[in-house]
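Below is one structure; the comments refer to it alone.
Chain letters run A, B, ... following the sequence lines, proteins first and then strands; every chain starts at 1.
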There are 2 protein chains.
Amino acid sequence: MIADEILDKEKVMGEDADPARKSIGARRNPESADAILDAAESLLAEAGYSGFSIEAVARRARAGKPTIYRWWPSKAALLLEVYQRQKRVDNPHTGNLEDDLVGFLESLFSHWRETSSGSVFRSLIAEAQSDEAASAALAEYATGRRAHTGQMIERAKARGEVAADVEPALVADLIASYAWTHLLTNRLAEDEATIRRAVRYVMRGIIARNR
Amino acid sequence: MIADEILDKEKVMGEDADPARKSIGARRNPESADAILDAAESLLAEAGYSGFSIEAVARRARAGKPTIYRWWPSKAALLLEVYQRQKRVDNPHTGNLEDDLVGFLESLFSHWRETSSGSVFRSLIAEAQSDEAASAALAEYATGRRAHTGQMIERAKARGEVAADVEPALVADLIASYAWTHLLTNRLAEDEATIRRAVRYVMRGIIARNR
DNA sequence: ATATAACGGAACGTTTCGTATCGATAAAGA
DNA sequence: TCTTTATCGATACGAAACGTTCCGTTATAT
């Protein structure tokens with residue numbers, strides 16, 4: 001087919017991850033975009049949300065402000081992509097729900113502590129208070145994340161580890177809330193024992209009695 | 001005593017709520033201060049954190065910006081006082097812990113929904129991401145609030161309603177986290193049944209078995 | 001080789017923060 | 001009654017950041 005060559009080139013050059021882009025010729029320079037995202041991420045890691053401004057990002061990335069605004073319509077959009085680019089914490093599956101939940105929270109906390117991810121997420125929450133798009137994106141992400149954790153509980157329920165009348169989504173909500181609040185109040189340094197005790201209260205409430 | 005008259009006058013005029021004030025002659029005009037706080041609160045109620053700026057507050061309160069900065073050192077400080085001026089939701093005591101917790105969450109949710117309190121609190125959380133003082137104040141408030149809820153659980157424990165090995169502070173943390181997260185993700189409209197189901201999971205985990 | 005388009009840099013207008021200066025006003029003391 | 005003092009609103013200011021527009025350059029695609 002004739003279009004193949006064009007498609008190939010577009011694939012190589014474009015990395016067009018955003019299907020909402022209108023103009024045909026519009027495509028990012030991957031190097032430039034990466035430098036901008038890297039700069040934004042490192043600024044957030046160093047100074048948190050206070051140090052995050054489009055101009056500071058442009059300075060650090062040696063990019064022009066118009067370049068940033070060409071690809072990201074607002075500060076919130078850039079923040080959002082930095083956030084989405086980060087690696088997800090995946091749910092462990094040890095065969096024991098309590099260990100799964102504790103392991104999940106521990107790796108989430110350490111991920112938030114040891115990378116820029118915590119700062120980015122806190123900034124996104126802050127931005128969501130004054131930006132509608134960020135608020136919607138945050139809500140959507142939170143819903144998806146809860147569903148993911150819910151599946152972890154669903155599997156335990158299938159194993160008979162969890163009582164039949166337990167709603168995994170609600171339990172996942174409790175667990176996720178615990179994590180969020182600790183992030184927002186600078187209490188990520190909890191050790192495993194504390195986390196395990198908190199999880200145990202939830203566990204005792206949902207565990208199958210007839211074992 | 002000789003000092004009585006002077007003290008009386010200071011009491012009438014000053015309403016010196018801020019002991020950190022340095023200059024002796026410095027005291028707020030209560031009417032002016034109230035107008036400023038009212039303006040800030042109504043702006044937050046109408047447009048949320050987006051509509052909150054010192055200049056907008058000054059315009060609405062028919063006050064000068066320097067007047068605001070004379071009494072509040074920063075945007076965060078004003079936000080904080082608006083927040084602290086709001087009425088607290090007090091913990092019910094029905095003699096049944098589950099009813100207490102559900103009642104507490106319900107009245108907290110409706111208070112956040114139906115007054116400006118929710119907007120103010122969300123704004124405070126946002127501000128805490130870029131202002132150190134707001135962050136410290138938020139952390140302090142959160143600690144105190146958890147302790148308050150913890151006492152509710154402590155009472156139930158004294159009644160024998162809760163297992164002996166339960167740490168009230170940790171359970172209070174779970175409950176408060178649930179509330180915060182729902183505020184931040186625009187999920188305050190939950191009905192009583194949903195809240196009760198969430199609380200029930202916690203309850204089942206902490207309830208005394210030997211009843 | 002030429003047209004296209006993204007790029008960095010600079011400048012612009014706007015908004016907001018927080019500060020400084022000014023004259024007016026209202027209350028306290030002599 | 002007159003003077004002093006402190007607070008008030010108004011206005012202007014510098015600094016910073018947002019988001020936009022223009023320009024000359026560089027790199028890509030045909």
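- Heavy atoms from other residues, nucleotides or ligands lying under 6.0 Å from NE2 of His93(B) number 12 at most.
- Considering only heavy atoms from C-beta on, Phe104(B) stays 4.5 Å or farther from Phe109(B) through its side chain.
- Summarising the geometry, the separation between CG on Leu79(A) and P on dG19(D) is reported as 12 Å, rounded to the nearest angstrom.
- Proximity of Trp71(B) to the phosphate of dA6(D): no side-chain N or O atom is located under 4.0 Å from OP1 or OP2.
- Leu78(B) places its CG atom 15 Å from the C1' atom of dT16(C), with the value rounded to the nearest Å.
- Centroid-to-centroid, the aromatic rings of Tyr178(A) and Tyr178(B) stay 6.0 Å apart or farther.
- We find that CD1 of Ile36(A) is positioned 12 Å from P of dG9(C), with the value rounded to whole Å.
- With rounding to whole Å, Trp72(A) atom CH2 is found 14 Å from dG19(D) atom P.
- Each of Pro66(A) and Phe52(A) lies near DNA chain D, and the nucleotide nearest Phe52(A) is the one positioned closer to the 5' end.
- For the pair Ala63(A) and Ser53(B), both in contact range of DNA chain C, the more 5′-proximal nearest nucleotide belongs to Ala63(A).
- In this structure, the OH atom of Tyr69(A) is 7 Å from the P atom of dT20(D), given to the nearest Å.
- Within the structure, a side-chain polar atom (N or O) of Ser32(A) is placed less than 4.0 Å from OP1 or OP2 of dG8(C).
- Glu132(A) places a side-chain heavy atom less than 4.5 Å from the side chain of Ser135(A).
- Note on Arg62(A): every side-chain N or O is 4.0 Å or more away from OP1 and OP2 of dG8(C).
- In this structure, CD of Glu55(B) is placed 14 Å from C1' of dA17(D), rounded to the nearest angstrom.
- Between Arg70(B) atom CZ and dC8(D) atom C1' the separation is 8 Å, expressed in whole Å.
- Counting non-hydrogen atoms under 4.0 angstrom, Lys65(B) reaches a base of the nucleic acid.
- Residues Thr181(A) and Arg187(A) meet the side-chain proximity criterion, which asks for heavy atoms closer than 4.5 Å.
- Nucleic acid contact class of Pro73(B) (heavy atoms, under 4.0 Å, all strands): none.
- In this structure, the CD atom of Glu31(A) is 11 Å from the P atom of dA27(D), given to the nearest Å.
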